[in-house]
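What follows is a single structure, written as structure tokens, with notes after it.
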Amino acid sequence: PSVLIVTYKEPTKSSTQFGSYRQAEWRPDSTMIAVSTANGYILFFHVISSRGDKYLYEPVYPKGSPQMKGTPHFKEEHCAPALNLEMRKILDLQAPIMSLQSVLEDLLVATSDGLLHLIHWEGMTNGRKAINLCTVPFSVDLQSSRVGSFLGFADVHIRDMEYCATLDGFAVVFNDGKVGFITPVSSRFTAEQLHGVWPQDVVDGTCVAVNNKYRLMAFGCASGSVQVYTIDNTTGAMLLSHKLELTAKQYPDIWNKTGAVKLIRWSPDNSVVIVTWEYGGLSLWSVFGAQLICTLGGDFAYRSDGTKKDPLKINSMSWGAEGYHLWVISGFGSQHIEIESDLRNIVKQPSILLFQFIKSVLTVNPCMSNQEQVLLQGEDRLYLNCGEPSQTQNPRSSSHTQHKPRLENSPFADGGLESQGLSTLLGHRHWHVVQISSTYLESNWPIRFSAIDKLGQNIAVVGKFGFAHYSLLTKKWKLFGNITQEQNMIVTGGLAWWNDFMVLACYNISDHQEELRVYLRTSNLDNAFAHVTKTQAETLLLSVFRDMVIVFRADCSICLYSIERKSDGSNTMAGIQVLQEVSMSRYIPHPFLVVSVTLTSVSTENGITLKMPQQARDAESIMLNLAGQLIMMQRDRSGPQIREKDSNPNQRKLLPFCPPVVLAQSVENVWTTCRANKQKRHLLEALWLSCGGAGMKVWLPLFPRDHRKPHSFLSQRIMLPFHINIYPLAVLFEDALVLGAVNDTLLYDSLYTRNTAREQLEVLFPFCVVERTSQIYLHHILRQLLVRNLGEQALLLAQSCAALPYFPHVLELMLHEVLEEEATSREPIPDPLLPTVAKFITEFPLFLQTVVHCARKTEYALWNYLFAAVGNPKDLFEECLMAQDLDTAASYLIILQNMEVPAVSRQHATLLFNTALEQGKWDLCRHMIRFLKAIGSGESETPPSTPTAQEPSSSGGFEFFRNRSISLSQSAENVPPSKFNLQKTLSMPSGPSGKRWSKDSECAENMYIDMMLWRHARRLLEDVRLKDLGCFAAQLGFELISWLCKERTRAARVDNFVIALKRLHKDFLWPLPIIPASSISSPFKNGKYRTVGEQLLKSQSADPFMNLEMDAGISNIQRSQSWLSNIGPTHHEIDAASSHGPQMQDAFLLPLSNKGDECSIGSATDLTESSSMVDGDWTMVDENFSTLSLTQSELEHISMELASKGPHKSQVQLRYLLHIFMEAGCLDWCIVIGLILRESSIINQILVIAQSSEVDGEMLQNIKTGLHAVDRWASTDCPGYKPFLNIIKPQLQKLSEITEEQIQPDAFQPIAVGKTPEQTSPRAEESRASSSHGIIPQSEVGVSSMVSRKEEDTTRAQEEEPFQDGTYDCSVS
């Protein structure tokens, strides 16, 4: 926290004489402060320590704690000094002072009478007379005649000025709004020796600020924009570099309404500038004009209820140490004018505000390992990307398909060799925040540099003295064990990681020596483990490339070192040797101007043309950012190339460097990588530049195809500019992404009441969070290459990135941007790019999707232009169908519907519908049905929504299968007497569903759809694809039963029983039966231990009708459970079982006397627990069977039982189909399914029905011949079926000699349904049940039909029924 040390209050008498204080300047050595006052006085204050050794605040430690003694600089760092201010001198300049500027050892003062005074800090005027501005010549540049025009009017004076050390001159703003730059021509500072230059076009300047590192002068203007000028090195003229202005696009309501620029302040590290205006507001910009924050929009300007806030007005501001804080004295907004008079004096006191900032590490330490991670540093904490670590040096796998997000708790589990997961690539607000060790901070605040290693697992930070490092894996800090060593070194030129070592340049205080040191991460932090190399001059910048360290020193020389790992015995060290020194003093006017220095493998020649190919990826060139100019020095390969294979590479004489070449202007950051990857050479060998407001540039290599020798006149690299919406902080080379960070805001003013006289400023200001952003740039580059006719290169580049997960998005963005620009252009375009882009996209398999996605996201008006370039949508639709890409085809259908007549879209929709049916794409089929209906009824393009619960569903008549158990095994005598008046009740289904259906059946559209569905069902049956038929019916709500009734003698006939049987075995994964070896002497033969199903079979083989005709003591409900679910007891143990047995939950239904009722109740009751107990793979044996007495052969038999069954899901599906076919009366199919399930009770029951009077002879004949064919097949190919066929033989003979006086027709004999005219009734047998018996109240039917309708909605998701979802144990009782 900041503390107030001393206040000086001017006595009233002298304050009236001096007037109010205006401006203050520190003396460079911080011993004095000069203050200018309104009435033209300068007051000199001395800052003195008041009580000698005393301190204002001192930390108190317990006795004997290590902090107490032996720490150098302890007092200065930990205690707040007790200082006093004394006014020593007063100087009267007799005119109001406009500007005060400290210049080296002097103070430069500009007064309103047009004079410049040079004053010594001791308060003397140096005996020189003041310079009159009218005598200083001004011209457009320094080359023109030495005699420039003078400032021609009398009352000219300087309004604001600032001294620029690196340009050696003053940027000035005159009172009439002109701006200029005054420079002393020689070292003497007199009127004759001064000369000024000015730009012609600025006439409304208000204030100025100078950036020394980039040699920029920022002039604020009355219009609200800031014009940034630089000095041309050759002519000395002022050149406009860029402007900082709010755009109408981003700030439509505030644009042009900000008032004049009031204050401009560059940050201490010269990387950002903050601007404020007359009417309030703050904005933060990067050096070359990228806007980072502006408080005139968004949450800064509006409250949570949408009302506008007053912008924050600022009277004065100053940056704190390292740019982490901005100190602001706020003015008072207009809102306080009408406040009552007693409050006014409170309000009038401006408050001091403190804004906190975090910055990217690239601003101060632009070494290579920092370039692929977003690492932000604050004064006491670091933010780094959460998620996966970044890439390593190893070439990463090129497959981006499987993104397994790593576990959050161990984010670095696998060393980061894989491709980055999507969580790293996408923007989010989650940061890994590392608090810097408080022990280190309390004597070394603030943090000056930080660096992260390549794997993103270790971070090193540098404060005032020494350094410390932290491991993200162990979550531990390592500090110097000996605090004297820490306090004895000052890191000067940043630090970098090399494998496990930290390389840093520092100044050794006790030895007065500049050094280069290497520390090992794993050993203790101690100079004993460090490798120290002495250097001649102070190091300003340091970076590592592969195994080389490059340093830039204060004497403008660059030195290259080689670094290698050495291990002598136990401890590992790194050795450093000088390789090469390059002097740059000819090219660099001032060492402070160098922003970054990097060693790269980038060169103007590609690796192919080099004489020695193996050197292609060595350190080829030095990139130097000199005040925003990117300078490249390549190795000079023009001399003789000697191959020295055998000599030690370190002794090899390194090639000299060529003279420097300027690559680009206005460069803020540079990214290159030392990794190599054959597949992505374009991206990895490129050089990426961030240019502030102008976006980014990439210097891309161009490769000839097939390694042909390129023509000498073709350039081998090309500089492509592109715009980007985020400020780039890291470039992921392989992933073709740029990462950044952005300030995001959250309002919390709603928590406070607004009735306080003055809204708290902290409430007015929103809460700020940092958000990580990412952006794709590939489409910009591809487009630039296509514009420049470099399509071949674009193709190579795109193919290398085709595996990226967002590559389809890249193509779509490119198509969309070109389309928007060209289709909305006012002027004619002589050479449009869209056809080129369209042809380019056809090279990729995603072409069809890209076009349709682009079209769907573009307005309809541009479609004609788009399809003129990419092709007719009808052709594209057909291509989709040929490529089996149905979802894309469906998207084209919507476009066709808008562009073509309804007949065409219907024709294409029908085509797609049929294909979707073929391929079982059920979701698509449902959409297509809705679509076709919508076209038919002339509705809008949006297909109708799914029916709600209020509207009866058209989804087909059997979803209730889940909710009701349907009795299949009605014994024949239990047919209710009211059976034959059913036709009357069925002729018109009651309730709203009837109306709906009759209305729809008039609609030709429905007929059209039904025809297609019938055709498909017919095809499935003809191909014996029962499983597909079941899925089809369940998914699309197809009325299977009523359709089968119609088709019973046509499509629903079984023509070849054997083929059908084989096909079902295959489709349902049902094993063919085999004869076990042990079965010949099996104890199971006597029937005592038979499972239930087999006991039935055995009893029935003796007396086929005993079971069916016996209704004394057992009801058909129980019996049906016994044969269907294989868990009920056999009929002669019924009393024991029904009295106790969990499976008999339905027993409460038994006492009803009327046999006729039993069928209806059986058909409407829910399956209770029996269904949860049914499991197709287990059978229960009767109670007196002891499990312990199983012999080997019995076990074998049981395992055979299990082996001869298919999966449980198949069993459920087969039983379901059996029920459907029974309902529809397709007895031949029932026989086939019965054969597969190998349950003679089914066969018996079917044959009993078959012998009833109403079944036509043709079907019986078919069944008879079919079963004979199966018998023949079993004898030859599948003997496993023989035992079962023998069991049902007696029935077959019965079938041959049919007698008429058999049993009454079965209760569910579906001929009745077949004869009713309304086959489509979805609830056919329900209405039958309710009308024939008064026992079921009408409401219950209503409920169940409601259930079925509700299901229609749910069935969209889980309509699979038993067919695709195995979760329902459907047992049919």
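Values reported hereafter were calculated over all heavy atoms of this structure, with side chains retained and with hydrogens, waters and symmetry mates removed.
At distances below 3.5 Å, not a single donor-acceptor pair connects side-chain atoms of D232 with backbone N or O atoms of G236. When atom types are taken as modelled, the side chain of R717 and the backbone of S603 share a donor-acceptor pair closer than 3.5 angstrom. Put simply, the side chain of R546 gets close to the backbone of C674: a donor and an acceptor are under 3.5 Å apart. Counting only distance, with no hydrogens or angles, the side chain of K680 and the backbone of E734 share a donor-acceptor pair below 3.5 Å. Using a distance-only test at 3.5 Å, with no hydrogens or angles considered, a donor-acceptor pair links the side chain of Q513 to the main chain of T535. At distances below 3.5 Å, not a single donor-acceptor pair connects side-chain atoms of H723 with backbone N or O atoms of H780. Panel note: side chain N625, backbone G628; a donor-acceptor pair is recorded below 3.5 Å. Side-chain atoms of T183 never come within 3.5 Å of backbone atoms of L167 as a donor-acceptor pair (strictly under, hydrogens ignored). N370 contributes a side-chain N or O that, together with a main-chain N or O of N365, makes up a donor-acceptor pair within less than 3.5 Å. Distance alone, capped at 3.5 Å, places no donor-acceptor pair between the N212 side chain and the C164 backbone.
A cation-pi arrangement is present between R681 and F703, with the terminal nitrogen or guanidinium carbon under 6.0 Å from the aromatic centre and inside a 45° cone about the axis. Cation-pi geometry between K478 and Y470 is not met: the NZ or CZ atom fails to fall both under 6.0 Å from the ring centre and inside 45° of the normal.
Other residues, nucleotides and ligands contribute over 12 non-hydrogen atoms within 6.0 Å of the NZ atom of K566.
W498 and D547 form a side-chain donor-acceptor contact under 3.5 Å, judged by distance and modelled atom types alone. For the residue pair Q377 and Y324, a side-chain donor N or O sits within less than 3.5 Å of a side-chain acceptor on the partner. At a cut-off of 3.5 Å, with distance as the only test, no side-chain donor of S241 or T230 sits close to an acceptor on the other residue. A side-chain N or O of E668 and one of S286 form a donor-acceptor pair less than 3.5 Å apart.
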(request) Check step by step if side-chain contact (heavy atoms from CB on, under 4.5 Å) holds for F181 and H195. (result) CA-CA 8 Å; F181 179 72; H195 188 266; over 6 Å; no
(request) Quick one: do I631 and L663 satisfy side-chain contact (heavy atoms from CB on, under 4.5 Å)? Show the steps, please. (result) CA-CA 6 Å; I631 292 176; L663 278 187; over 6 Å; no
(request) Would you check, one step at a time, whether the test side-chain contact (heavy atoms from CB on, under 4.5 Å) holds for Y507 with T539? (result) CA-CA 9 Å; Y507 176 69; T539 302; over 6 Å; no
(message) Would N458 and W497 count as a side-chain contact (heavy atoms from CB on, under 4.5 Å) here? Give the steps.
(response) CA-CA 9 Å; N458 301 292; W497 287 87; 3.5 Å; yes
(message) For E515 and T533: C-alpha separation, side-chain torsions, deciding distance, then whether side-chain hydrogen bond (donor to acceptor under 3.5 Å, both in side chains) applies.
(response) CA-CA 6 Å; E515 295 172 344; T533 310; over 6 Å; no
(request) Walk me through it: do N508 and N488 pass the test side-chain hydrogen bond (donor to acceptor under 3.5 Å, both in side chains)? (result) CA-CA 6 Å; N508 185 333; N488 191 33; 3.0 Å; yes
(request) Apply salt bridge (charged side-chain N to carboxylate O under 4.0 Å, His left out) to R553 and E514, showing your working. (result) CA-CA 10 Å; R553 299 195 293 232; E514 300 287 347; over 6 Å; no
(request) Carefully, step by step, assess S621 and T600 under the rule side-chain hydrogen bond (donor to acceptor under 3.5 Å, both in side chains). (result) CA-CA 5 Å; S621 57; T600 73; 2.9 Å; yes
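Separation of the Y777 and W688 ring centroids falls under the 6.0 Å cut-off. Residues F288 and Y214 bring their aromatic ring centres within 6.0 Å. For F467 and Y519, the ring centers sit closer than 6.0 Å to each other.
Here the CD1-CG distance, from I726 to L739, works out to 7.0 Å after rounding to the nearest 0.5 Å. Here the CG-CD1 distance, from L376 to I358, works out to 4.5 Å after rounding to the nearest 0.5 Å. Once rounded to the nearest 0.5 Å, the distance linking CG of N669 with CG of L362 reads 5.0 Å. Atom CZ of residue R635 and atom CD of residue Q580 lie 5.0 Å apart, to the nearest 0.5 angstrom. Atoms CG and CD1, from L382 and I447 in turn, are 7.0 Å apart once rounded to the nearest 0.5 Å. The structure places CG of D526 at 7.5 Å from CZ of F480, a figure rounded to the nearest 0.5 Å.
Using a 4.5 Å heavy-atom cutoff, the side chains of L630 and V662 are not in contact. A 4.5 Å side-chain heavy-atom check between R448 and V491 finds at least one atom pair inside the cut-off. A 4.5 Å side-chain heavy-atom check between L540 and E538 finds at least one atom pair inside the cut-off. Looking at heavy atoms from C-beta onward, V549 lies out of side-chain contact with L560 at the 4.5 angstrom threshold. Looking only at side-chain heavy atoms (C-beta outward), F552 and L542 stay at 4.5 Å or farther from each other. With a 4.5 Å cut-off on side-chain heavy atoms, H531 and I576 count as touching. At a threshold of 4.5 Å between non-hydrogen side-chain atoms, the residues N444 and E486 count as touching. Annotation: side chain of T363 is in contact with side chain of D269 (closest heavy-atom distance under 4.5 Å).
Counting all heavy atoms, side chain and backbone alike, A209 lies closest to E162 at CA-OE1, 3.2 Å. Looking at every heavy atom in both residues, L520 comes nearest to T572 through CD2-O, 3.8 Å.
Under a 4.0 Å N-O distance rule, the pair E372/K454 does not qualify as a salt bridge.
The ring-ring contact (aromatic ring centres under 6.0 Å, His included) test applied to Y440 returns no partner, not counting sequence neighbours. Qualifying side chain to side chain donor-acceptor pair (under 3.5 Å) partners for N233, counting only residues two or more places apart in sequence or in other chains: none.
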Indicate every side-chain donor-acceptor pair of residues 584-591 with a distance under 3.5 Å to a residue at least two apart or in another chain.
unit_1 : atom_1 : unit_2 : atom_2 : d
S585   : OG     : S583   : OG     : 3.3
H590   : ND1    : F592   : N      : 3.1

